[in-house]
Amino acid sequence: MNIILANPRGFCAGVKRAILIVENALKIYKKKIYVKHELVHNEYVIKRLRRKGVIFVEKISQIPNYSIVVFSAHGVSKQIKKEAIKKNLIILNATCPLVTKVHKEVSEYSKKGIETILIGHKGHPEVEGTLGQYDNKNGKIYLVQSTQDVNKLSIKNTDKLNFVTQTTLSVTKTQHIISCLKNKFPKICAPNKEDICYATTNRQKAIRELSKISDIIFVIGSKNSSNSNRLAELGREAGILTKLINSFVDIKTKWLKNIHSIGITAGASAPEILVKEVVQYLQTLGANQSVKTIGFEEKNFFKIPQKLLKIQTYKNKMEKNNE
Ligand code: 0CN
Ligand code: SF4
């Protein structure tokens, strides 16, 4: 059996930044760190942070006043931010800058009273956060999940209408929904720059290539990770047996009967160590030692908030002075 790795795979810049924010906060504040929702949708990452003392909560009311709260990479609504301020929490915002970009657009449309359509999955925390940027005073924000939803949609003023999307959707399915929107509302305005993020787009391209040369594909990622699920869907749509796995432990040897090429990729929230473990496990089952990689390296990088950097530099100086 040959092993082929897709590139890019695994951690994106937004996930790396979110984890760095929490790790720096743990070092700097030496206090309990609360995170609103799972920082990123990956079981391994969450377990590791929990072991370091991070407390994950779903509601701001679960956090004691004056504590430190980190908003997850998926972002929060304006209401959640207000609740955190009311409780005098120190807010560290780990929302991915590419989600924040969408938030700013929606907030702007809301101020101008421009009705807005969000393409996304109902109940996903990013969708909740984005819907929650629109205050529904002068207009309305509508959620659509499919072309059927577009057909059912009725809008008051179709002359002034915009759409935005969740960042981790299927590129092709979203294109279908957008064409349907444009057919129904010819004057609808698109975002300046595509909302589906670079990491989602690149990982989807890479799995398409992988599915041309694999007999089975392992997508490493957790069940609640939207972008990982979209990758698994693409593998299956290409007719390849595709398994979304948390780690090598989930692999069943019966899947590997008559398999010559094993493709491996990982969602944007899955760390590389899980990929390495899968490769090593497959090698113990007889896969070739030499591993092929296809695709290209991603070089995107997002800075962490200035606030954390400043405190870090100050603390380092103080510690040096005390040596
Ligand atoms: O798996 P993630 O935590 O989130 P979704 O794919 O479910 O949105 O990956 C990071 C993406 C973001 C925001
Ligand atoms: Fe940001 Fe995209 Fe990564 Fe989500 S998947 S954290 S939007 S870069």
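Keep in mind that this is a model prediction, so the values were computed, not measured. When a ligand or atom number is given, it counts from 1 through the structure's own listing order. For the numbers below, each heavy atom of this structure counts, side chains included, while hydrogens, waters and symmetry mates do not. For reference, positions follow the sequence shown, starting with 1.
- Checking Glu126 against Thr167 by side-chain atom types alone, a donor-acceptor pair falls below 3.5 Å.
- The residues Glu38 and Arg50 are annotated as not salt-bridged, no charged nitrogen and carboxylate oxygen being separated by less than 4.0 angstrom.
- The proximity of Val15 to ligand 1, defined as any non-hydrogen pair under 4.0 Å, is limited to the side chain.
- Counting atoms of ligand 1 from 1 in the listed order, those under 4.0 Å from a heavy atom of His124 are 5 (P), 7 (O), 8 (O).
- In this pair, Trp255 and Phe218 present their aromatic rings tilted. The plane angle is within the 30 to 60° band.
- Nearest non-hydrogen protein atom to atom 3 (O) of ligand 1 is His41 N, 2.6 Å.
- Note on Lys223 versus Glu43: no salt bridge recorded, every NZ/NE/NH1/NH2 to OD/OE distance being 4.0 Å or above.
- Residue contacts with ligand 1 leave out Thr200, since none of its heavy atoms falls under 4.0 Å from the ligand.
- Considering backbone and side-chain N/O of Thr167, none are found under 3.5 Å from N/O of ligand 1.
- Counting heavy atoms from C-beta outward, Leu131 and Ser77 have side chains that stay 4.5 Å or more apart.
- Contact annotation: for Cys96 versus ligand 1, there are no heavy atoms closer than 4.0 Å.
- For atom 2 (Fe) of ligand 2, the count of nearby protein N/O/S atoms, taking only those under 2.8 Å, is 1.
- Between the side chains of Asn246 and Ser222, at least one donor-acceptor pair of N or O atoms lies under 3.5 Å.
- We find that Arg236 and Glu233 are not joined by a salt bridge, their nearest charged nitrogen and carboxylate oxygen being 4.0 Å or further apart.
- For Ala73, the closest heavy-atom approach to ligand 1 falls below 4.0 Å.
- Of all atoms in ligand 1, listed by their number and element, those nearer than 4.0 Å to a heavy atom of Asn224 are 7 (O).
- Considering both main-chain and side-chain atoms, Gln166 never comes within under 3.5 Å of ligand 1 through any nitrogen or oxygen pair.
- Side-chain atoms of Glu115 and Asn157 include no donor-acceptor pair closer than 3.5 Å.
- A distance-only check finds no donor-acceptor pair linking the side chain of Glu209 to the backbone of Lys205 [under 3.5 Å].
- Those atoms of ligand 1 that come under 4.0 Å of a heavy atom in Val40, given as number and element, are 3 (O).
- Distance alone, capped at 3.5 Å, places no donor-acceptor pair between the Thr95 side chain and the Asn93 backbone.
- Residue-ligand proximity, Ser225 to ligand 1, at heavy-atom distances under 4.0 Å covers atoms 1 (O), 6 (O), 7 (O).
- Ranking the protein heavy atoms by distance from atom 11 (C) of ligand 1 puts Thr168 CG2, 4.2 Å first.
- Applying the side-chain hydrogen bond (donor to acceptor under 3.5 Å, both in side chains) test to pairs two or more places apart or on separate chains, those with a residue in residues 193-204 are Lys101-Asp195, Asn202-Glu298, Arg203-Glu298.
- Under the 4.0 angstrom criterion for non-hydrogen atoms, Glu38 is not in contact with ligand 1.
- Protein heavy atom in closest approach to atom 9 (O) of ligand 1: Asn227 ND2, 3.1 Å.
- Side-chain atoms of Gln166 and His121 form no donor-acceptor pair, as typed in the model, at a separation below 3.5 Å.
- Ion pairing between Glu83 and Lys86 fails under the 4.0 Å rule for side-chain N and carboxylate O.
- Applying the 4.0 Å criterion to heavy atoms of Ser269 picks out, from ligand 1, the atoms 1 (O), 2 (P), 3 (O), 9 (O).
- Nearest protein heavy-atom neighbour of atom 12 (C) of ligand 1: His74 CD2, 3.9 Å.
- Using a 4.0 Å cut-off between charged nitrogen and carboxylate oxygen, Arg48 and Glu23 count as a salt-bridge pair.
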